[in-house]
2 protein chains.
Amino acid sequence: MSRSSSDIVNSLRKLISDGHYCPGERVAELHVAEKLGVSRTPVRLAFRTLEQEGLLQRAGKRGYVVREFTEEDVQIAVEVRGALEGLAARRLAERGMSEEVAKRLLECLHQGEELLGKGYLTVDDIATWSDINRRFHGTLVASTGSQVIQDAINKNNHLPFASADSIIIDTEALDSEYHKLRMAQMHHRLVYQALNHGEGARAEMLMREHAYIGLRYVELLGVDPIATE
Amino acid sequence: MSRSSSDIVNSLRKLISDGHYCPGERVAELHVAEKLGVSRTPVRLAFRTLEQEGLLQRAGKRGYVVREFTEEDVQIAVEVRGALEGLAARRLAERGMSEEVAKRLLECLHQGEELLGKGYLTVDDIATWSDINRRFHGTLVASTGSQVIQDAINKNNHLPFASADSIIIDTEALDSEYHKLRMAQMHHRLVYQALNHGEGARAEMLMREHAYIGLRYVELLGVDPIATE
DNA sequence: CTTCCATCAATTGGATCCAACCAATGTCTA
DNA sequence: TAGACATTGGTTGGATCCAATTGATGGAAG
């Protein structure tokens, strides 16, 4: 069973995100090649793709290193996603949703209500929410009609911390995570409402704020009702 | 004299934008290889890069075609740039400009005043403005401090119609182009003013509006003071 | 005459080979 | 003893070779 070209890219992406190659560390073609059991050629091709995605970075004139991200990078990546998804939402509101799009978004909303309606969160629910969330964002972005904005968002989402479904980390504190997801679900409902009424500016701002949910909301939703900072 | 790896990407990019390969047309590795006088290997590498940049698109399971863009794509690409540069401007306003950044932006403003102060436009002025404009936008975006937002903007700018210095097309109508550049210069000055006063929201909105200058302003700045539409 | 299957050509993808280059280490000389 | 130059090892980039897959064309059968 030989691996296809995009499999190599995915495998290498996984090797990096799993920490087999640390940020700042140099990645050698030969090393990756024999770790994946392929020749150097497909690895070199994958390097080009991952360089464009932003996970690899040229080391001087020779070879690549794993890109390292600062705390500021994480914050900006989230803001970039908010700006782009906000743009998509605004366009969608201004031009009107099709029946098909409205139906699919509503389905996400209903499934979200059902998932969170029971009042608490289990570890299995995380994957379910992730799927709902991905479909909501994916549908919204896809229905701008243009590939250009999708590409921009996809590129940003390749940064492991920037994508919309990298919200849940803490499976220990399912309590505060539950409150976060309730908040996210409310955001989704508000966005749908704005889209449905053609309120472009409101839809945009709601999506921009919604992006912060993985970044700034966790502090406010702990057990302690009056959070720090 | 052998061509370096990034030269190949640039050459191929030029071949495409010069129309040697038309939108929708299939590009074969071998064909490009012998046109550039290199082997297939570097061409395949370049294909990966250009695929990520959005200029090439996979054709089914086999090969690539030149990406074709709709009128809507052009509009969205411009809006995406506005959203991203707006984000950069907002951050810069909120965190404050360094002396160095302020100095470089001011230099662009002065050079712009000097260029446009004589009251008309020559064909030679176009390259000068393009340089000033590129430095203004480049300085602003670079001074966010994070590579992430620069990458997002750079990727968008690879679309030939989306970059900030693809404003000037019509060298016949230097009259209306002059008015457009005066408007752009005024935008730059307003943005600088907002940055200087720490007005984040204003800086952001000005940059977003400024992006439209190549798209919607030309209709309003013709010889006829009351334009159509 | 049309449709389906088979064979063949063309092109892509992967592996290997070769050359160029950067870096490091060791030796020689001042 | 220190600095500079040369040699060597390792890694990357390019070219060529081989295999596999796809698309097309032609022939045969219904």
Side-chain angles (χ1 to χ4, degrees), chain A residues 1-16 19-68 147 151 154 158, chain B residues 1-16 19-68 147 151 154 158:
Chain A
M1 168 198 173
S2 78
R3 319 163 85 93
S4 110
S5 168
S6 53
D7 281 345
I8 305 276
V9 176
N10 288 331
S11 302
L12 183 49
R13 215 187 272 121
K14 188 161 164 49
L15 278 183
I16 292 173
H20 285 81
Y21 295 101
C22 301
E25 184 185 346
R26 189 192 182 98
V27 279
E29 290 178 2
L30 193 60
H31 193 244
V32 176
E34 58 193 27
K35 202 175 237 326
L36 294 180
V38 292
S39 135
R40 278 178 48 217
T41 310
V43 174
R44 286 168 62 187
L45 291 170
F47 278 9
R48 289 303 180 97
T49 298
L50 292 184
E51 179 193 9
Q52 291 296 317
E53 286 184 3
L55 271 80
L56 292 184
Q57 207 170 18
R58 296 205 88 99
K61 286 291 173 189
R62 203 170 183 78
Y64 290 93
V65 295
V66 177
R67 170 102 166 262
E68 40 194 348
Q147 191 68 25
D151 286 353
N154 285 337
H158 279 132
Chain B
M1 168 198 173
S2 77
R3 318 162 86 92
S4 108
S5 168
S6 54
D7 282 344
I8 305 275
V9 176
N10 287 331
S11 303
L12 183 49
R13 214 189 272 120
K14 190 163 165 48
L15 278 184
I16 292 173
H20 285 82
Y21 295 100
C22 302
E25 184 184 347
R26 188 191 181 104
V27 279
E29 291 178 1
L30 194 61
H31 192 244
V32 176
E34 58 192 27
K35 203 176 235 329
L36 295 180
V38 293
S39 141
R40 278 177 49 220
T41 310
V43 174
R44 286 168 63 189
L45 291 170
F47 278 8
R48 291 302 179 95
T49 298
L50 293 183
E51 179 193 10
Q52 291 295 317
E53 284 184 6
L55 271 82
L56 291 184
Q57 208 170 17
R58 296 204 88 98
K61 286 291 173 189
R62 204 171 183 77
Y64 291 92
V65 296
V66 177
R67 170 102 167 263
E68 40 194 349
Q147 190 68 24
D151 286 352
N154 284 338
H158 279 131

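Computed from a prediction, not measured in an experiment: that's the story for all the values here. Note: hydrogens, waters and symmetry copies are ignored here, and every other heavy atom, side chains too, is used. Protein chains get the first letters and strands the later ones, always in sequence-line order, with residue 1 at the start of each.
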Novice: Rounded to whole Å, please give me the gap between CD in A:E29 and P in C:dA20.
Specialist: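 To the nearest whole Å, that distance equals 18 Å.
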Novice: From OH of A:Y64 over to P of D:dT11, roughly how many Å is that when rounded to an integer?
Specialist: 17 Å
Novice: Between A:Y64 and A:E51, do the side chains contain an N or O donor and an N or O acceptor separated by less than 3.5 Å?
Specialist: yes
Novice: Without decimals, in angstroms, what is the distance between A:L45 CG and C:dG14 C1'?
Specialist: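 Rounded to whole Å, this separation is 9 Å.
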Novice: On a plain distance test, is the side chain of B:R40 in donor-acceptor contact with the base of C:dG13 below 3.5 Å?
Specialist: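 Yes.
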Novice: Does the C:dG14 base have a donor-acceptor partner in the side chain of A:R44 within less than 3.5 Å?
Specialist: no
Novice: Can you tell me the distance, in whole Å, between the CZ atom of B:R48 and the C1' atom of C:dG14?
Specialist: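 Going from B:R48 (CZ) to C:dG14 (C1'), I get 12 Å.
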Novice: What is the distance, rounded to the nearest whole Å, between atom CG of B:L56 and atom C1' of C:dT12?
Specialist: 15 Å
Novice: Spell out, as yes or no, whether a donor-acceptor pair under 3.5 Å connects the side chain of B:R40 to the backbone of B:L30.
Specialist: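 No: the side chain of B:R40 does not pair with the backbone of B:L30.
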Novice: Enter the distance from B:R48:CZ to B:L56:CG here, rounded to the nearest 0.5 Å.
Specialist: 11.5 Å
Novice: Main chain of A:C22, side chain of A:E25: is a donor-acceptor contact present, judged purely on distance under 3.5 Å?
Specialist: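 Pair found, side chain donor or acceptor close to backbone of A:C22.
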Novice: Quick one: is A:S39 getting a side-chain N or O under 4.0 Å of the C:dA15 phosphate, OP1 or OP2?
Specialist: yes
Novice: May I have the distance from A:L30 (atom CG) to D:dT12 (atom C1'), rounded to whole angstrom?
Specialist: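 So the two atoms are 11 Å apart, to the nearest Å.
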Novice: The side chain of A:R26 lies closest to which of these nucleotides: D:dT12, C:dA15, C:dT12?
Specialist: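 It is D:dT12.
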Novice: Checking contacts here: which listed nucleotide (D:dG14, D:dA15, C:dG14) is nearest the side-chain heavy atoms of B:T41?
Specialist: D:dA15
Novice: On the side chain of B:R62, is there an atom forming a donor-acceptor pair with the base of D:dT21 - under 3.5 Å, no angle test?
Specialist: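 Looking at the base of D:dT21, it does pair with a donor or acceptor on the side chain of B:R62 (distance under 3.5 Å).
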